[in-house]
Each structure stands twice: as C-alpha cells, then as structure tokens.
Amino acid sequence: MVKKKMISVLSAIVLALSGNLSCLANAAEDLGILASSLGADTNYLNIPYMWEISVDSDGKTNYGDESYYITIMEVLIHNGELEISDLQADASKMSDISDSSALRERIRSESQKLVDPSLYSYAFKNASAKDKIPALLSTAEKAYANNEYFHIGYRGLDPEFKSETVSEQQTGHHVTGIGITDGSWTFKGKKFDKCILTLDTANTADGKSAFSEDTCIYVNSETNDYYIPKYSDSATDDIHIIAIDSDTMVNGDTSDLFNIRVTDKNTNAIYTITSQKDGIETVRNKENEYLDYCHNAYNGDFYLKADSFKIDCEKYGYGVNSVRITNDDTYVETMLSPSNSILTFDGKAYHITGTYNTEYVFPVGSESDNYFSYHNSKTECDFYGRVIDGFYFESADDSFFVDAVTGVRFVSGSKDMGNIFVSEKTEVRYDENGISGFFIDKNKDGKFEHMVETGDVNCDGTIDASDASLILQAYSALSTEQTTYLNQSLADYDDNGMIDSSDASFVLQKYAELSTSES
C-alpha cells in the first residue's frame, strides 16, 4: 500500500514537470489527453450500466444505483487502499475486470466493510447547492496534487437515461473525480474556468470509456456557478454536489456531526425541526437560512444526533415518508402523514400526533398504512397501524412503554408479537416467545406492577362495558376481513382461538359480577 502511494506521488511530480497540462484544457480533445494521463482509460470498472432494473411480483419496478459502490472501489484501488486482486485475482487493471453478479456482490461487501455510508448523508448538510462548490474545488485540488482519485456524490439529479418504467422521483448518483484543470468553457451563456474530470458509469455502455467531457463538472470559481452537460439540462433545480477524499472515506468520523435534513422541493409543504443539543436550541424550516439543511427531492430523511427534537409537518402540507432519526446506537423510522403531523423526542420517549386525522374511534384497514420502528443494539420494535395518533413509545430493558389508543400491531424482528390497544401508558413485557404481559400503573405511583387481566382489552385496569364494546367492534371487523388491533390474549376471553361475540358476552358477565361484588 505504501509503495502504491509513493508511486502516486512520483507520478504527480512527473506530471508537473512535464508541463502545465491544465493549459491544454481549452479544447475537448485536450481534456481527453489529460484524462488518459490520469488513468481514465484503465482505472475504471467496466460495468456497462448505472441502473439495475428489476420487477417484483406485483409488477412494481425497482432500481438501484451501482455507482456508489463502483466509485468507492475506483477511488480506494487507485489510491492504494485496496488491491485490484481484492476484486479479481488475475486483473492487472480495473477496466479488464469482468462484470458479474459475484463481482457486484464483492464490490458491495467491500464498500460496506470499509466506508460508513452515513458519511455521504452527512456530507450534504449545512449549505445550499452553490455553497458546496468551494469545498468541491478544494477537495479536487488537494487530491489532484497528490495524484489521488476522490468520491463525488450528486443529489437532485434526474438522469436523462433513466428507464421510462421507473417513477419520476429524482435521485442521486456517484462518480469518481480524477483531476481538475484550468481552462475556458462557455455553456448556456455562462463562462467557466475550472473543469473537474470524472469517471462515470453512465458512459460505459457499449464498452466505452468511463470518461467523457459531457460528464465533467465545469465551475466558475468566482461565482460558484457549475454545469454538467449530461445532467444539468435535465435537472429540475440545483444539483447538490459533494466530494470526499479517500482518507475521509476510510477514516471519517461522524460522531460530531449533528443533523441532515432532506425534504421535498416539489411541493409547498413546510416542515420544521426544532432540535436541541447540549442545551442549544435551533429551528430549521423550508427557507435555506438555517444550519443543517439539504434541499432535495427525497421526501423526508432526518439524521439527528440531538438531546431532543420535534419534527412538525405543517397543516395542509404533504406527509413525509420514511422519516429516519439516528441518535447514537439507536434509530427510529416512521411515516408522518398529512394533517399537521408532529413527531417529538424529549430525550426519553417518542410521541406522534396528528397522523391521519380521522373520525373513527376504532381503526380498521391496512395495518401498513402507518408505521413506527425503534431499533437499537438490543431491541427491535416495529408498530403498524392505519391510524397512529397520540402514539407514545419509550424503550426499556426487555420491555417498552406504549400508549396507543388507536391500536397498533407489534412485530419484533420477523416475529409477530400481537396487537396493542391501550388507553393509557402501559408497560409491555416480552421475550423470545412473544408478549409475556401488559402492566399498568394502577395506583399512579410510577410503578407498573398491576398485570392486566384477560378481558381488559384497553388496559385501563378495569373490566367493563367499554371492553365488551371494543371486542364486538373487533369481531365485526374480523368478520369482514379487516384489521383489528386488540391483543388476542386479552380479547379471547373463552380461549377458543378467536375473537367473537361470545368473548364480549363473557366480559359483560364478568363486569356484572365485579359490579355486584363492589356494591
């Protein structure tokens, strides 16, 4: 590895002594000469398409951008962090490596092993698209001086070659930066004096080289304007561009990184984050004037390392899909739907309000319409429900506290743990066999010691007519093949394996007995 890096440094010196190659760049063919001298003809993986298309059993088209993994390999192998033989034993240059499913799996596994993907998510924070350009130029200049490649990521990109069967959602893309040069170019009436040369998988169709002047990044170093011929015309707005050198890729630390926000620029929705870290509160909204912000077509990823936060989806706005909050070794993933949804974290517990406002007291329907997932090194808790409003969750050892008055289905890992329908804060204890018991603080002394009895389906500490009513609603829903969120062990009073009208009758009978004994 050291030998390879020494060769890279010597190569850079030879390039400098052989003349100022950057002055050649006034013509497209001279960019090609410079690119060849930097390894563009050999130092790329010859994978002939960027998009991997598949169609699932429902006819839905799925795609993946292999360029992320390919770029990592091109950068690390060129810079001596990896050997070509790590991908193919008999290969002498990257362009000769044979594409195969086994190769792609090896590329993925090596990339995931060596590079923390959150580096790229966090790298898009803190600046508008144009404000990111000085950092891009700085990284490119430093890498070029050391004859090193570097990783470039795009967001807000809608490639012209995307399959027509794929939805119109904008996407990201990754390319390999191989050098930077001075020159003079004019596009769309604007002048550019810098060119960042790239290797792009989009160019490798039909056995062509990964380099093309159409996928170079042209920059005006005074105004920070930028242009990518292949992509800029088809982008609906600014393309966010970040660059990461190989040292950061391998050794980068995300522990001090705070927040990235990605929202939907194609709607009028306004999302506000109020977050607190080390006692300092900051507020962010749609306007590009706050600290940690990335304006992008992806509809809602929040990477937070904060003591507390609130995510507010403004009334009459749009919902936020796949909200992911990362905090230390914990992550929460949920979906916020329209109608002023709010997700808060107070440093201890999560609370969701306003998701799918509805007149229904008891929800029925698809259990996957809304979800809330909590995962850490010890616990996997996934909750599904048509309505999640007033949902409260707090993690504990071998249990969790929940308040889910609208009812949710609980799954841990791949194991279905049953349904939860509670009217107040309840501790749900579980083990590898499922839910072992529901416990409430009946005496309001902060101790969850009262185990909920069968028949008390809403877990309020009392068996009464409201429980029977909920059982009848559940029976009606199940009769029409709709979803119910009553827990089977609590609602199946006669233990016959089903929730039906007889359970409601037994609960009413029990209620009458209790009423008589108390009078």
Dump the intermediate steps for side chain to side chain contact (heavy atoms under 4.5 Å, CB included) on I228 and Y154, then the final yes or no.
CA-CA 11 Å; I228 311 170; Y154 301 146; 3.7 Å; yes
Working for side chain to side chain contact (heavy atoms under 4.5 Å, CB included), residues L38 and N147
CA-CA 8 Å; L38 297 172; N147 194 32; 4.2 Å; yes
State whether a side-chain donor-acceptor pair under 3.5 Å links S412 with D382.
no
If you round to the nearest 0.5 Å, how far is CZ of R108 from OH of Y69?
6.5 Å
Distance (rounded to the nearest 0.5 Å) between E148 CD and H78 NE2:
8.5 Å
Side-chain touch Y68/H151, heavy atoms, less than 4.5 angstrom
yes
Under a 4.5 Å cut-off applied to non-hydrogen side-chain atoms, are T215 and V175 in contact?
no
Partner of Y218 under ring-ring contact (aromatic ring centres under 6.0 Å, His included), picked from Y231, F187, F192, Y226, is F187
Does any N or O in the side chain of E74 come within less than 3.5 Å of the main-chain N or O of L45, such that one atom is a donor and the other an acceptor?
yes
Under 3.5 Å, is there a donor-acceptor pair between the side chain of T204 and the main chain of T201?
yes
Of Y392, Y350, F383, Y374, the residue whose pairing with F400 passes ring-ring contact (aromatic ring centres under 6.0 Å, His included)
F383
Hey, are the side chains of I244 and I242 touching, using non-hydrogen atoms and a 4.5 Å cut-off?
yes
Nearest atoms (heavy-atom pairs only) where N376 meets S395
ND2-OG, 4.3 Å
Closest approach of D346 and A349, non-hydrogen atoms and distance?
OD1-N, 2.8 Å
For T223 and D225, does a side-chain donor sit closer than 3.5 Å to a side-chain acceptor?
yes
Please determine whether side chain to side chain contact (heavy atoms under 4.5 Å, CB included) holds for the pair L197 and I180, giving the CA-CA distance in whole Å, both sets of side-chain angles, and the decisive distance to 0.1 Å.
CA-CA 6 Å; L197 293 79; I180 184 170; 5.7 Å; no
Pairing residues for E110 by the salt bridge (charged side-chain N to carboxylate O under 4.0 Å, His left out) criterion, not counting sequence neighbours:
K113
Would you check if T176 and F211 make a side-chain contact, meaning some heavy-atom pair closer than 4.5 Å?
no
If I compare all heavy atoms of I97 with all of A91, which pair ends up nearest, and what's the gap?
CG1-CB, 3.7 Å
Would you say I47 and I107 make side-chain contact, with heavy atoms under 4.5 Å?
yes
Here's a test for you: under ring-ring contact (aromatic ring centres under 6.0 Å, His included), which of F345, F372, F410 qualifies with F393?
F372
Minimal non-hydrogen separation, C216 against C195, with atom names:
CB-SG, 3.5 Å
So do the side chains of H174 and I152 get within less than 4.5 Å of each other, counting heavy atoms only?
no
Pairing donors with acceptors under 3.5 angstrom, does anything connect the side chains of H173 and D200?
yes
Do you see a donor-acceptor pair shorter than 3.5 Å between the side chains of S36 and D41?
yes
Could you tell me whether the side chain of S109 and the main chain of E105 form a donor-acceptor pair under 3.5 Å?
yes
About how many Å separate CD of E213 and CG of N203, when rounded to the nearest 0.5 Å?
9.0 Å
If we ignore hydrogens and angles and just use 3.5 Å, is the side chain of N220 paired with the main-chain N or O of K191 as donor and acceptor?
yes
If we count only N and O atoms by modelled type, under 3.5 Å, do the side chains of S221 and D193 hold a donor and an acceptor together?
yes
Counting N and O atoms only, with roles assigned by atom type, does the side chain of T139 sit under 3.5 Å from a partner on the main chain of A135, one being a donor and the other an acceptor?
yes
Taking the side chain as C-beta and beyond, is there a heavy-atom pair between I178 and T198 under 4.5 Å?
no
Output for pair (K208 NZ, Y44 OH), nearest 0.5 Å, gives 11.5 Å
Hey, could you give me the CG/CD1 distance between N224 and I133, rounded to the nearest 0.5 Å?
6.5 Å
Does one side chain, of Y144 or N146, offer a donor that lies under 3.5 Å from an acceptor on the other?
no
Determine, step by step, whether T71 and F150 satisfy the side chain to side chain contact (heavy atoms under 4.5 Å, CB included) criterion, reporting the C-alpha distance in whole Å, the side-chain angles of both residues, the deciding distance to 0.1 Å, and the verdict.
CA-CA 8 Å; T71 294; F150 55 100; over 6 Å; no
Rounded to the nearest 0.5 Å, what separation is found between the CG atom of L87 and the CG atom of L82?
7.0 Å
Heavy-atom count check: over 12 atoms from other residues, nucleotides or ligands less than 6.0 Å from D90 CG?
yes
Do H375 and C381 have side chains that get closer than 4.5 Å, going by heavy atoms?
no
D86 side chain to E83 main-chain N or O, any donor-acceptor pair under 3.5 Å?
yes
For the pair T186 (side chain) and G189 (backbone), establish whether a donor and an acceptor sit closer than 3.5 Å, ignoring hydrogens and angles.
no
E222 vs K194, salt bridge (Lys or Arg N to Asp or Glu O under 4.0 Å): CA-CA, chis, key distance, verdict:
CA-CA 10 Å; E222 292 186 2; K194 299 281 186 181; over 6 Å; no
